[in-house]
Amino acid sequence: MARVKVQEAPFDIAAETAALLAGRQDIGGLGCFLGVVRGTVGGRALRAMTLEHYPAMTEAAIAAIAAEAERRWDLLGCTVIHRTGRLAPGEPIVLVLAAASHRTAALAATSFLIDWLKTRAPFWKKESYADGGEAWVEAHAADDAAAARWEG
Amino acid sequence: MARVKVQEAPFDIAAETAALLAGRQDIGGLGCFLGVVRGTVGGRALRAMTLEHYPAMTEAAIAAIAAEAERRWDLLGCTVIHRTGRLAPGEPIVLVLAAASHRTAALAATSFLIDWLKTRAPFWKKESYADGGEAWVEAHAADDAAAARWEG
Amino acid sequence: MSGYPLHLLYFAWLRERIGAGGETIAVPGEIATLGELRDWLSQRGPGYASAFAAGKTVRAAVNQVFATPETVLHPGDEVAFFPPVTGG
Amino acid sequence: MSGYPLHLLYFAWLRERIGAGGETIAVPGEIATLGELRDWLSQRGPGYASAFAAGKTVRAAVNQVFATPETVLHPGDEVAFFPPVTGG
């Protein structure tokens with residue numbers, strides 16, 4: 001059963017890692033992905049990134065993605081934390097952890113989780129630029145292709 | 001230029017992550033792998049894992065692996081910390097971090113680094129079992145196959 | 001079938017164009033599917049027309065589950081419209 | 001060529017079988033390559049014979065760089081013998 005959190009507050013990667021490993025001796029590998037707000041997008045300086053989401057659906061959608069990862073790999077732990085609200089460049093947005101007895105499953109599940117989060121969890125990013133402009137981030141074909149790798 | 005450390009002491013995943021991200025706004029994704037000592041191997045309870053290495057060669061060998069990762073992907077940071085000496089079940093052995101502007105490079109480099117570490121860095125593991133026996137870990141064909149994925 | 005109520009939610013640029021994050025409305029009984037609802041909403045005013053303009057990629061969920069134009073609606077459903085997601 | 005010195009290192013089960021982590025020895029001048037050194041060492045005693053027994057997978061590095069049986073040796077080289085690595 002995955003640990004899923006959607007929150008405005010920062011998260012603590014060391015505490016989350018420790019929580020996954022605590023009291024266990026069956027985990028051999030822990031894969032992790034940390035997404036971070038970049039300061040420049042397409043050559044344009046960013047002031048902030050604002051994440052909107054669909055509160056009634058978000059945690060359930062993430063839990064369904066994590067359940068799919070647990071169905072595909074023998075995971076011994078799985079954590080997904082996604083932040084919302086206004087974030088500055090350099091701030092972490094999302095944390096994915098996947099633990100397994102061996103590294104192959106842990107790392108594959110980590111890639112899968114972030115690929116599906118990007119295409120199946122109800123979040124929308126708005127970029128606020130240093131020059132005052134704003135724009136909603138458009139979905140990337142590359143993300144759809146990355147997510148599609150895991151289909152079939 | 002990668003940050004490489006070989007040490008008996010534990011490492012601090014939060015501090016290492018923060019050090020990679022500090023003062024930067026170009027990193028969009030950070031991939032991470034943490035290897036941990038398991039308490040049971042092939043059905044046999046483990047008391048400890050002892051890691052021997054080749055001190056004059058180890059850091060240079062890891063640095064060469066990291067340099068190869070930096071040649072293959074546009075990394076914005078790379079950290080490899082490998083512990084040596086006697087470790088108990090549940091203790092972390094190795095930490096790999098790879099940062100890039102996007103997640104694909106960060107996660108691919110993370111997988112590459114741990115695959116090559118397992119087959120190209122001069123470490124040897126000895127397992128000490130709860131029943132008093134000891135055995136050197138044999139190299140796994142699966143590890144060679146995983147490392148070979150990155151060749152050619 | 002006479003009119004029935006739906007709880008509508010709009011996110012991201014759909015919310016901005018429509019000018020509201022959500023509303024509860026009565027829709028005509030002949031609207032049976034999500035696709036028909038979308039066509040009907042797009043004629044409610046310029047904000048809706050802009051949000052649901054032809055060629056725009058709009059996704060939807062019914063009762064918090066991703067849905068397709070063929071999804072059949074029921075009284076009291078929560079129907080959310082939004083752009084393709086961009087989290088992670 | 002007359003004899004020349006080499007710094008030898010042994011790791012993991014090679015170290016245990018040979019009973020030493022390393023030694024500096026003079027090898028006969030006719031030993032030109034790593035493969036020839038290995039054959040010569042395997043005849044130095046039962047510990048060496050066990051460490052370098054036929055069929056055993058033994059890897060080596062010369063001056064801290066992975067090497068092959070064809071690698072040519074030079075006076076003063078540091079030559080390390082060890083099993084396939086198992087770190088990570």
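Residue numbering restarts at 1 for every chain, and letters A, B, ... go by the order of the sequence lines.
- There is no contact between H140(B) and chain D, counting heavy-atom distances below 4.5 Å.
- The two atoms that bring E138(B) and T86(D) nearest to each other are C-CG2, 3.8 Å, heavy atoms only.
- Between A139(B) and V85(D), the closest heavy-atom pair is CB-O, 4.1 Å.
- The number of heavy atoms from other shown groups lying within 6.0 Å of CG (D131(B)) is above 12.
- With a 4.5 angstrom heavy-atom cutoff, K125(B) touches chain D via backbone and side-chain atoms both.
- By number of non-hydrogen pairs under 4.5 angstrom with chain D, the leading residue of T50(B), V137(B), L117(B), I114(B) is V137(B).
- In this structure, F82(D) and W124(B) have tilted ring planes: the angle between them lies in the 30° to 60° band.
- Considering every non-hydrogen atom in both E78(D) and A56(B), the closest pair reads OE2-CB, 4.2 Å.
- R59(D) does not touch chain B: none of its heavy atoms, backbone or side chain, sits under 4.5 Å away.
- When every heavy atom of A61(D) is checked against every heavy atom of Y54(B), the shortest pair comes out as CB-CE1, 4.3 Å.
- Looking only at distances, a side-chain donor or acceptor of H82(B) sits under 3.5 Å from a matching main-chain atom of G88(D).
- The two atoms that bring F66(D) and R120(B) nearest to each other are CE1-O, 3.2 Å, heavy atoms only.
- A pairwise comparison of heavy atoms in F11(D) and P55(B) identifies CE2-CD, 4.4 Å as the closest pair.
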